[in-house]
Student: 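Questions regarding the structure given below will be posed in turn.
Quick note: numbers below take in every heavy atom, side chains included, and nothing from hydrogens, waters or symmetry partners. Keep in mind it's a predicted model, so treat the numbers as computed, not measured.
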Amino acid sequence: MNLDGDCKVLVQGIANPLGSDRARAMSAYGTNVVAGVSPGYGDTDIEGLPVFDSIDRAVAATGTIDTSVICTHPYQALDAAIEAIAAGIRQIIILSEGVPPLDMVRLLRKAEVTDTFVVGPSCPGIIVPGKMLLGTHPTEFYKPGPVGIVSRGGTLTYEVALSLTRAGLGQSICVGIGGDPIVGSSFDGWLQIFDEDDRTEAMVLVGEIGGSSEEAAAEYVADAIDKPVIAYVAGRYAPRGRRLCHAGAIVAARSLDT
């Protein structure tokens, strides 16, 4: 995972409200956002960034791009990600909510073949405090330091980061992997990244009820992680018979039952 400050970032779906808002916020934080892509908006500027109809045109104008942040309609996210992979982009952050699970299955098969790192969907993305923002994290909650955070959700990530900041403990890398049933990166993968990262001295894992990824992460910590890990699992109950994880997914499911 390339999280250096000079990492070149593209925003797919920049013409959408989420895309334009995130492009502005990421650029303001110092992230090297070089362009946006939204079909039909080529040869325009949004938030001071050049917009192209396709990634191929963006790459031709700006050079190799390291990371794509996808803010498209959820049913367009798969096509957007496949287009990014075809253009040689090997880091994809999907902020869009509601991406169909089968689309994620297809994407992750493609990502595995092409060695592409996927974070999300339905996630706040990644922040390297003081260096770069790839997502929706409220930057005022964070400060540089030695603690890595990996979480399923968004607001819990923000709350933990703010609590650490208030306690004088800054953060190295913070990531929300997403709360959907099928997501790209995992707790285990990020724990390994943190364990190998020289800036990270300790880790916080923030889980939620439902599923078994927290239990799997605990086994992985016991077997393979040398640095200190603190875990918090939120929630007490889940809908009977359902293996849902994220609060938004649970609320959506219950609304469908009524």
Student: Within the 4.5 Å heavy-atom criterion, are P144 and P129 side-chain neighbours or not?
Tutor: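 The answer is yes; the side chains approach within 4.5 Å.
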Student: Is the shortest heavy-atom distance from the side chain of S172 to the side chain of D197 under 4.5 Å?
Tutor: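 They are in contact (side-chain heavy atoms under 4.5 Å apart), so the answer is yes.
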Student: Tell me which one of I93, I92, I193 satisfies side-chain contact (heavy atoms from CB on, under 4.5 Å) with F117.
Tutor: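 The residue from I93, I92, I193 that satisfies side-chain contact (heavy atoms from CB on, under 4.5 Å) with F117 turns out to be I193.
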Student: Taking T31 for its side chain and S27 for its backbone only, find out whether a donor-acceptor pair lies under 3.5 Å.
Tutor: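 Not a single qualifying donor-acceptor pair exists.
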Student: Keeping the roles fixed (side chain from T200, backbone from A202), state whether a donor-acceptor pair exists under 3.5 Å.
Tutor: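 Checked: no pair found.
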Student: Do you know which two heavy atoms are closest between L108 and I182, and how far apart they sit?
Tutor: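 Looking at all heavy atoms of both residues, the shortest contact is CD1-CG2, 3.8 Å.
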Student: Please tell me if the side chains of K227 and F194 come closer than 4.5 Å, counting only heavy atoms from C-beta onward.
Tutor: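 No, every pair of side-chain atoms sits at 4.5 Å or beyond.
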Student: Counting distance only, does the side-chain N/O of S122 pair as donor-acceptor with the main-chain N or O of G178 below 3.5 Å?
Tutor: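 Answer holds: no.
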Student: My understanding is that only residues two or more places apart in sequence, or in another chain, count here; which of them pass salt bridge (Lys or Arg N to Asp or Glu O under 4.0 Å) with D53?
Tutor: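 Applying salt bridge (Lys or Arg N to Asp or Glu O under 4.0 Å) to D53 gives R57.
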Student: Just checking, is any N or O donor in the side chain of T157 or R152 under 3.5 Å from an acceptor N or O on the other one?
Tutor: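 No pair is found: no donor N or O on one side chain lies under 3.5 Å from an acceptor on the other.
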Student: Please check this pair: side chain of T165 against backbone of G170, looking for a donor-acceptor N/O pair closer than 3.5 Å.
Tutor: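 Looks like no, no N/O pair under 3.5 Å.
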Student: With sequence neighbours excluded, tell me which residues meet ring pair (Phe, Tyr, Trp, His ring centres under 6.0 Å) with Y232.
Tutor: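 Once residues adjacent in sequence are excluded, Y232 has no partner under the ring pair (Phe, Tyr, Trp, His ring centres under 6.0 Å) criterion.
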Student: Without swapping roles, check the side chain of S212 against the backbone of E215 for a donor-acceptor pair under 3.5 Å.
Tutor: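 Judged by distance alone, no pair lies under 3.5 Å.
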Student: Taking E208 for its side chain and V233 for its backbone only, find out whether a donor-acceptor pair lies under 3.5 Å.
Tutor: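 Side chain of E208 to backbone of V233, a donor-acceptor pair under 3.5 Å: no, none is there.
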Student: Would a 4.5 Å heavy-atom cut-off, applied to side chains only, mark I225 and M203 as touching?
Tutor: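 Yes, side chains in contact.
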Student: Could you check whether atom CG of L162 has more than 12 heavy atoms from other residues, nucleotides or ligands sitting under 6.0 Å from it?
Tutor: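 Enclosed: over 12 neighbouring heavy atoms sit under 6.0 Å from CG of L162.
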Student: For I173 and R199, work out which heavy atoms get closest and say how close.
Tutor: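 Shortest heavy-atom separation between I173 and R199 comes out as CD1-NH2, 3.5 Å.
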Student: Treating N16 as the side-chain partner and C71 as the backbone partner, does any N or O pair qualify as donor plus acceptor under 3.5 Å?
Tutor: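 Side chain of N16 to backbone of C71, a donor-acceptor pair under 3.5 Å: yes, one is there.
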Student: Are L3 and L134 packed together at the side-chain level, in the sense that at least one heavy-atom pair is separated by less than 4.5 angstrom?
Tutor: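 Yes, their side chains come closer than 4.5 Å.
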Student: With I82, which residues qualify under side-chain contact (heavy atoms from CB on, under 4.5 Å), at least two apart?
Tutor: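 In terms of side-chain contact (heavy atoms from CB on, under 4.5 Å), with neighbours along the sequence ignored, I82 is linked to L78, L107, K110.
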Student: Counting only heavy atoms not in D198 (residues, nucleotides, ligands), do more than 12 fall under 6.0 Å from its CG?
Tutor: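 No, CG of D198 has 12 or fewer neighbouring heavy atoms, counting only those of other groups under 6.0 Å.
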Student: Crowded around E196 CD? As in, over 12 foreign heavy atoms under 6.0 Å?
Tutor: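 More than 12 within 6.0 Å, yes.
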Student: Heavy-atom distance under 4.5 Å between the side chains of L10 and V69, does that happen here?
Tutor: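 When only atoms from C-beta onward are counted, V69 and L10 do not touch, as no gap falls below 4.5 Å.
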Student: With heavy-atom distances below 4.5 Å as the criterion, would you say the side chains of I94 and V119 are in contact?
Tutor: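 No, every pair of side-chain atoms sits at 4.5 Å or beyond.
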Student: Run the side-chain contact (heavy atoms from CB on, under 4.5 Å) test against D21 and tell me which residues pass, sequence neighbours left out.
Tutor: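 Partners of D21 under the side-chain contact (heavy atoms from CB on, under 4.5 Å) test: R24.
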Student: Starting from F187, can I reach V183 by hopping between I/L/V/M/F/W/Y residues whose side chains sit under 4.5 Å apart?
Tutor: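 No, V183 does not connect to F187 through the hydrophobic network.
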Student: Linking I/L/V/M/F/W/Y whenever their side-chain heavy atoms sit closer than 4.5 Å, directly or via other members, would V175 and Y142 fall into one cluster?
Tutor: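 Yes, it is one cluster - the side chains of V175 and Y142 are joined through contacts under 4.5 Å.
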Student: Among all residues two or more places apart in sequence or in another chain, which pass the side-chain contact (heavy atoms from CB on, under 4.5 Å) test with Y75?
Tutor: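 Y75 satisfies side-chain contact (heavy atoms from CB on, under 4.5 Å) with H73, P100 only.
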Student: For V34, check side-chain contact (heavy atoms from CB on, under 4.5 Å) against everything at least two apart and list the hits.
Tutor: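 Residues passing side-chain contact (heavy atoms from CB on, under 4.5 Å) with V34: K8, N32, T62, I65.
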Student: Taking C-beta and beyond as the side chain, do I126 and C174 meet within less than 4.5 Å on heavy atoms?
Tutor: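 In short, these two side chains do not touch, never coming nearer than 4.5 Å.
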Student: Step through the shown structure and confirm whether more than 12 heavy atoms of other residues, nucleotides or ligands are within 6.0 Å of CD on Q76.
Tutor: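 For Q76, atom CD is crowded (more than 12 foreign heavy atoms under 6.0 Å).
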Student: Decide whether Q91 and T67 meet the rule of one side-chain donor and one side-chain acceptor closer than 3.5 Å.
Tutor: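 Result is yes, a qualifying pair exists.
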Student: Consider only side-chain N and O atoms of T136 and Y158, and report whether a donor and an acceptor are under 3.5 Å apart.
Tutor: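 T136 vs Y158: donor-acceptor pair found between side chains.
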Student: Can you name the closest pair of heavy atoms from A58 and V37 and give their distance?
Tutor: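 Shortest heavy-atom separation between A58 and V37 comes out as CB-CG2, 4.1 Å.
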Student: Does either side chain, that of S68 or that of E83, offer a donor lying less than 3.5 Å from an acceptor on the other one?
Tutor: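 There is no such pair (donor and acceptor under 3.5 Å, judged by atom type) between the side chains of S68 and E83.
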Student: State whether the side chain of T116 and the backbone N or O of R90 hold a donor-acceptor pair below 3.5 Å, judged by distance alone.
Tutor: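 No, T116 side chain to R90 backbone: no donor-acceptor pair under 3.5 Å.
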Student: Look at atom OH of Y220 and say whether more than 12 heavy atoms of other residues, nucleotides or ligands are closer to it than 6.0 Å.
Tutor: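 Yes, enclosed.
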Student: Over all heavy atoms of both residues, which pair between G19 and V11 is shortest? Give the atoms and the distance, please.
Tutor: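 What the structure gives for the nearest pair is O-CG1, 3.9 Å.
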Student: More than 12 heavy atoms of other residues, nucleotides or ligands under 6.0 Å from CG of D223: is that the case?
Tutor: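 Yes, enclosed.
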Student: Please check if the side chain of Q12 supplies one atom and the backbone of A80 the other of a donor-acceptor pair under 3.5 Å.
Tutor: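 It does hold such a pair.
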Student: Would you say the side-chain atoms of Q171 pair up with the backbone N or O of L169, donor to acceptor, closer than 3.5 Å?
Tutor: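 Yes; at least one donor-acceptor contact below 3.5 Å.
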